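Let me begin by presenting the structure, written as structure tokens, before commenting on it.
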Amino acid sequence: MPELPEVETTLRGIEPYLQSQTITDIIIRDNRLRWPVPESFKMEAKNQVIKSVKRRGKYILIETPDGTIILHLGMSGNLRILPENSTVKKHDHIDIILSSKHCLRFHDPRRFGACLWTKGDPLDHKLLINLGPEPWDDEFNAHNLHKQSRQRRIAIKNFIMDSKIVVGVGNIYASEALFLSGINPNNAAGKISLKRYEALVTAIQVILDQAIKQGGTTLRDFTNSSGEPGYFKQELSVYGREGEPCNKCNEPVRKKVIGQRSSFYCVKCQS
DNA sequence: AATCGCGCCTGACGGC
DNA sequence: TGCCGTCAGGCGCGAT
């Protein structure tokens, strides 16, 4: 399931193939993604030259002079670089054909992903304009988290998964970062001390950095742009390890649903 | 304003 | 073997 490290891994894989290429054609086999792929997309993006490829949160932005393609991988999406006319498999919904005769292929079994076209500054798009800071931005710091969380009773796990607070922290890395910083995921965000927020900010950055270095986490279906899995799964401390011993203290890892999402933690190491 | 919970969707898996 | 229920989960959105 693509979170920030998986999106970043994808971005790094596709960027060299996209830079300065002309989009010679677009094939939409199924427009039923999270939002219907807009009718205008094919005509507007065709013949555009790709200026840059960026990431904002979990969104991938392919910028051209006349507009930007906004991609989101949802739960099960991936992007691959393939020779054009490669064999089409089930759930290969969109091909963006490049002048190099490669194609960028969007594959997404669950269709929670998105492919949109926007003119003007993509950061002003409705989906992006309210996003919080990137995890490595100066603005993402303990002082701000502490200030933003006062009087809030929301569980800390849900708080750090809120994209208005910080982008890119999904279910897996939220559990991992809270373990690393020794914070119980159920704690009310508003009761957490400045000092603990300092540890949490660092933990989020460390976990995401490590996951990017490992090419992301593949639980089931994530692959990078070459079709290979990520290797961070073997470094997960708590996620998906219910009943297995905590690797710090041997206490069995617990699983609890918080905000309709499975959360994993150690009762001894996290308080 | 903050919080909660729904719904979108397919595939894997377990039980019978 | 096959059918069916459950779970997985990003995240916008409507309801409270």
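Note that the structure is a prediction, hence the values are computed from the model and not measured. In what follows, chains are A, B, ... by sequence order, proteins preceding strands, each numbered from 1.
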Interface residues of residues 111-124 of chain A with DNA chain C (non-hydrogen, below 4.0 angstrom): A:F112

Residues that A:E44 engages under side-chain hydrogen bond (donor to acceptor under 3.5 Å, both in side chains), provided they are two or more places apart: A:K119

Quiz: residues 246-265 of chain A side-chain donor-acceptor pairs under 3.5 angstrom, not counting sequence neighbours:
unit_1: A:S263; atom_1: OG; unit_2: A:K157; atom_2: NZ; d: 2.9
unit_1: A:S263; atom_1: OG; unit_2: A:K256; atom_2: O; d: 3.4
unit_1: A:S263; atom_1: OG; unit_2: A:R261; atom_2: O; d: 3.2

Distance in angstrom units between A:K157 NZ and C:dG10 P, rounded: 8 Å

Integer-rounded Å distance: C:dG10 P and A:M75 CE: 6 Å

Side-chain N or O of A:Y173 closer than 4.0 Å to phosphate OP1/OP2 of C:dG10: no

A:N144 side chain vs A:N141 backbone, donor-acceptor pair below 3.5 Å: no

Nucleotide nearest A:M161 when distance is taken to its side chain, options B:dG11, C:dG12, C:dG10: C:dG10

Residue pairs fulfilling ring pair (Phe, Tyr, Trp, His ring centres under 6.0 Å) with at least one residue in residues 45-83 of chain A, sequence neighbours excluded: A:Y59-A:H72

Pair listing, side-chain hydrogen bond (donor to acceptor under 3.5 Å, both in side chains) test, anchored in residues 185-196 of chain A, at least two apart: none

Spacing between A:K89 atom NZ and B:dG11 atom P, to the nearest angstrom: 14 Å

Phosphate-side-chain proximity, A:H72 and C:dG12, N/O vs OP1/OP2 below 4.0 Å: no

Axial bend angle, the helix from B:dA2-C:dT16 to B:dC16-C:dG2: five-pair end segments, nearest 10°: 50°

Integer-rounded Å distance: C:dG12 P and A:H125 NE2: 11 Å

Interatomic distance where NZ belongs to A:K58 and C1' belongs to C:dC11 [whole Å]: 8 Å

Salt bridge (charged side-chain N to carboxylate O under 4.0 Å, His left out) pairs, two or more places apart, involving residues 18-37 of chain A: A:D25-A:K46, A:R29-A:D95, A:D30-A:R32

Base B:dC8 paired with A:R110 side chain (donor-acceptor, <3.5 Å): no

Phosphate-side-chain proximity, A:K164 and C:dG12, N/O vs OP1/OP2 below 4.0 Å: no

Touch class at under 4.0 angstrom, heavy-atom based, for A:R32 against every strand present: nothing

Partner residues of A:D209 under the side chain to side chain contact (heavy atoms under 4.5 Å, CB included) criterion, sequence neighbours left out: A:W136

Euclidean distance, atom CH2 of residue A:W35 to atom C1' of B:dC9 [Å, nearest integer]: 14 Å

A:D108 CG - C:dC11 C1' separation (whole Å): 14 Å

Sugar-phosphate only, base, or nothing, as touched by A:K126 at under 4.0 Å among non-hydrogen atoms: sugar-phosphate

Salt bridge (charged side-chain N to carboxylate O under 4.0 Å, His left out) contacts touching residues 50-62 of chain A (sequence neighbours left out): A:E8-A:R55, A:K54-A:E63, A:R55-A:E134, A:R56-A:E134

A:H93 side chain near A:V37 side chain, heavy-atom distance below 4.5 Å: no

Sorted by number, the residues of residues 259-267 of chain A with heavy-atom contact under 4.0 Å to DNA chain C: A:R261, A:S262

Nearest to side-chain heavy atoms of A:K90, which nucleotide of B:dA2, B:dG11, B:dC9: B:dG11

Spacing between A:I156 atom CD1 and B:dT3 atom P, to the nearest angstrom: 12 Å

ring-ring contact (aromatic ring centres under 6.0 Å, His included) involving A:F41 - partner list, sequence neighbours excluded: none

Sugar-phosphate only, base, or nothing, as touched by A:F159 at under 4.0 Å among non-hydrogen atoms: nothing

Set of residues satisfying ring-ring contact (aromatic ring centres under 6.0 Å, His included) with respect to A:Y17, sequence neighbours excluded: A:H102

Candidate nucleotides B:dC9, C:dG12, C:dG10, ranked by approach to the side chain of A:L127 - the nearest: C:dG12

In one Ile/Leu/Val/Met/Phe/Trp/Tyr side-chain cluster, 4.5 Å: A:M161, A:V238: no

Sole candidate of A:T68, A:L61, A:L116 that passes side chain to side chain contact (heavy atoms under 4.5 Å, CB included) when paired with A:H125: A:L116

